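Read the structure below first, then the notes.
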Amino acid sequence: MSNRLSRRPEYTFSENLRNGRHGWLRLTPAYSARLVEERLRAYPATLCVLDPFGGTGTTPLIASAMGFEATATELNPFLVWLAHTKTRFYTPETVTETRKLAQTLIDTRQQYASPDLDLPPIQDIQRWWDAEPLCWLSVVKSLIREICPAESLQSDLLRVTFARCVILLSKASYHHPSLSFREGSQLSLTLYDYDALFMQELELVLQGASQNPVREAQILHDDARTLETLPSASYDLVITSPPYVNRISYIRELRPYMYWLGYLSNGRDAGELDWQAIGGTWGTATSRLKQWKPRLPVDDEVATVAARIREAHPENGILLSNYVLRYFEDMNQHIQNLKRVLRPNARIHYIVGNSSFYGVLVSAEQILARLFRQHGFEDIKIAPLRKRNCK
């Protein structure tokens, strides 16, 4: 069947880049708004929707725009802020005030002579940005704090605009799932051109802000394994996409935003967030996974796959074998706690991806379907959506 599948780019993050608030900031592993909308059309808007792996807020934004009551949980505090900002209601007055504040910011920026740079503690930061854009970004970051009330709607919209400029002015080149660097920034601009770029990106953000959802979604900081903040028997419908079982680090792609906006201050914290991810990914997780032992009984197929991966590579086999074991243990815990927050006859849609390590296929869709059955879920179907671009 996989041979007959196409790559369906309209189901990936690339579809979101041209879609209002969904395109404010890119995150490669995000799924498309279209995929969520197609599933929601089958249900009445009286249902309560949950996304326990909220990410950038795709599901709650689409659901709330269609009139559903929507809640999302997310472990990463930066993504909690982003999803909350994307799902807020912005009045015309807020949009107008944000535009005025941006012009004040630019007018003030042009009065700066040789400011002391307030740079984030990113290792080898010159590899990411040349000296001139670094200076400009440092000044603009400081001015947003100075001219905007803390945690205001206007501040959030200016920070989204700033984060867009952070990537546009960088030397980073994203080719999923790797990150590379080019010589010189992506754009060849003067300082005044940077100001014009900021105002240009602001208009794109404000255009999205003017397209309000029918209702505001609820975005909660929580761990999908425990879902401690969610009330019992409260949700009718789940549409979500947990991290794929491919050991890709979400923090790697997010770190420019997170450092510049103050959500990260050192590599140790970045590594800790990666360890907290489902399965544990990079950074601190690399050393911890080698020593990690399962705490729960291991599914037979998971044990067999993990053993084959361990035997397939003398150096990294143990690490990746433990990653697979921990991934499904984490997902098993998630499924157990998910059942508590669902109402009777609730429906769930999980967008998952399989993977392979050293030629050993990890059939995540089959394993997760079996785990759901073990926890009492019924009428489970698996439907292939697209052929992925990597393994």
Side-chain angles (χ1 to χ4, degrees), residues 17 20-21 23-26 78 81-82 85-86 88 90-174 181-210 254-265:
L17 296 178
R21 299 185 188 190
W24 276 359
L25 296 182
R26 56 162 286 151
F78 165 74
W81 166 78
L82 177 59
T85 301
K86 287 169 66 175
R88 299 289 293 274
Y90 299 96
T91 66
E93 292 76 18
T94 297
V95 171
T96 298
E97 179 62 22
T98 304
R99 188 178 287 112
K100 290 179 180 178
L101 287 170
Q103 189 59 57
T104 300
L105 183 153
I106 295 304
D107 293 342
T108 307
R109 201 287 308 162
Q110 293 174 0
Q111 298 172 14
Y112 272 66
S114 299
D116 294 328
L117 298 187
D118 180 16
L119 300 179
I122 299 176
Q123 186 176 7
D124 297 328
I125 194 170
Q126 290 80 12
R127 192 182 183 198
W128 285 83
W129 296 274
D130 290 328
E132 196 171 71
L134 268 180
C135 176
W136 184 88
L137 288 168
S138 173
V139 172
V140 171
K141 181 184 75 168
S142 299
L143 288 175
I144 291 175
R145 288 199 305 260
E146 291 179 17
I147 69 172
C148 279
E151 300 181 3
S152 65
L153 296 175
Q154 296 90 338
S155 174
D156 285 340
L157 292 173
L158 291 178
R159 292 170 80 198
V160 171
T161 304
F162 172 78
R164 290 180 60 84
C165 292
V166 162
I167 296 302
L168 286 172
L169 296 176
S170 75
K171 295 184 278 187
S173 179
Y174 289 98
F181 294 91
R182 67 188 75 195
E183 290 297 326
S185 61
Q186 296 189 40
L187 302 173
S188 179
L189 304 172
T190 68
L191 281 175
Y192 288 95
D193 289 329
Y194 298 154
D195 296 339
L197 174 69
F198 185 87
M199 298 303 289
Q200 171 188 305
E201 296 303 306
L202 175 71
E203 288 305 316
L204 185 148
V205 171
L206 293 182
Q207 181 180 11
S210 300
L254 293 174
R255 59 182 173 172
Y257 306 131
M258 295 183 69
Y259 274 107
W260 277 103
L261 296 180
Y263 290 94
L264 281 178
S265 59

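Quick caveat, the model's predicted, so the values are computed rather than measured. Keep in mind that the numbers below use all heavy atoms, side chains included, and drop hydrogens, waters and symmetry copies.
To the nearest 0.5 Å, atoms CG (Leu158) and CG (Leu153) are separated by 11.0 Å. A distance of 8.5 Å separates CD of Gln123 from CZ of Arg255, quoted to the nearest 0.5 Å. The CD atom of Glu146 sits 12.5 Å away from the OG1 atom of Thr104 when rounded to the nearest 0.5 Å. To the nearest 0.5 angstrom, Gln111 atom CD is 9.5 Å from Leu143 atom CG. Between the CD atom of Gln200 and the CG atom of Asp193 there is a distance of 10.5 Å, given to the nearest 0.5 Å. Rounding to the nearest 0.5 Å places CD of Glu201 at 12.0 Å from CD1 of Ile167.
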Begin with the C-alpha distance, continue with both residues' side-chain angles, and end with the deciding distance and a verdict on side-chain contact (heavy atoms from CB on, under 4.5 Å) for Leu261 and Phe162.
-> CA-CA 9 Å; Leu261 296 180; Phe162 172 78; 4.0 Å; yes
Just do the side-chain contact (heavy atoms from CB on, under 4.5 Å) check on Leu137 and Tyr194 with the steps written out, would you?
-> CA-CA 9 Å; Leu137 288 168; Tyr194 298 154; over 6 Å; no
Evaluate the criterion side-chain contact (heavy atoms from CB on, under 4.5 Å) for residue pair Val140 and Cys165; output intermediate values, then yes/no.
-> CA-CA 10 Å; Val140 171; Cys165 292; over 6 Å; no
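Judged purely by atom type and a 3.5 angstrom limit, Lys171 uses its side chain to pair as donor or acceptor with the backbone of Gln126. Here the side chain of Ser210 pairs a donor or acceptor atom with the backbone of Leu206 at under 3.5 angstrom. The main-chain N or O of Arg88 is found under 3.5 Å from a side-chain atom of Arg21 such that the two form a donor-acceptor pair. With hydrogens and angles disregarded, a donor-acceptor distance shorter than 3.5 Å links the side chain of Thr98 to the backbone of Thr94.
Between Phe78 and Tyr263, the ring planes are perpendicular. Angles over 60° get that label, and only those under 30° would be called parallel.
Within the 4.5 Å cutoff, side-chain heavy atoms of Asp156 are placed close to those of Trp81. Looking at heavy atoms from C-beta onward, Phe198 lies out of side-chain contact with Leu168 at the 4.5 angstrom threshold.
By the 6.0 Å contact criterion, CZ on Arg127 is open, its count of non-hydrogen atoms from other residues, nucleotides or ligands being 12 or less. Remark: Glu203 CD is packed, more than 12 non-hydrogen atoms of other residues, nucleotides or ligands lying under 6.0 Å away.
When all heavy atoms are compared, the tightest approach of Ile144 to Arg159 is CG2-CG, 4.1 Å. Scanning all heavy atoms of the two residues, the minimum distance from Trp24 to Arg164 falls at O-NH1, 2.8 Å. The minimum heavy-atom distance between Arg99 and Met199, with the atom names listed, is O-CE, 4.4 Å. Summarising the geometry of Cys135 relative to Leu117, their closest heavy-atom pair is CA-CD2, 3.7 Å, with the distance given to 0.1 Å. The two residues Pro149 and Ser155 come nearest to each other via the heavy atoms O-CB, 3.6 Å. Among all heavy-atom pairs drawn from Pro133 and Leu169, the shortest one is CB-CB, 4.1 Å.
Among Trp260, Tyr259, Trp136, the single residue meeting the ring pair (Phe, Tyr, Trp, His ring centres under 6.0 Å) criterion with Trp129 is Trp260. Of the options Leu101, Leu105, Asp107, a side-chain contact (heavy atoms from CB on, under 4.5 Å) to Gln103 is made by Asp107 and by none of the others.
Under the rule for a ring pair (Phe, Tyr, Trp, His ring centres under 6.0 Å), Tyr90 has no partner lying at least two apart in sequence or in another chain.
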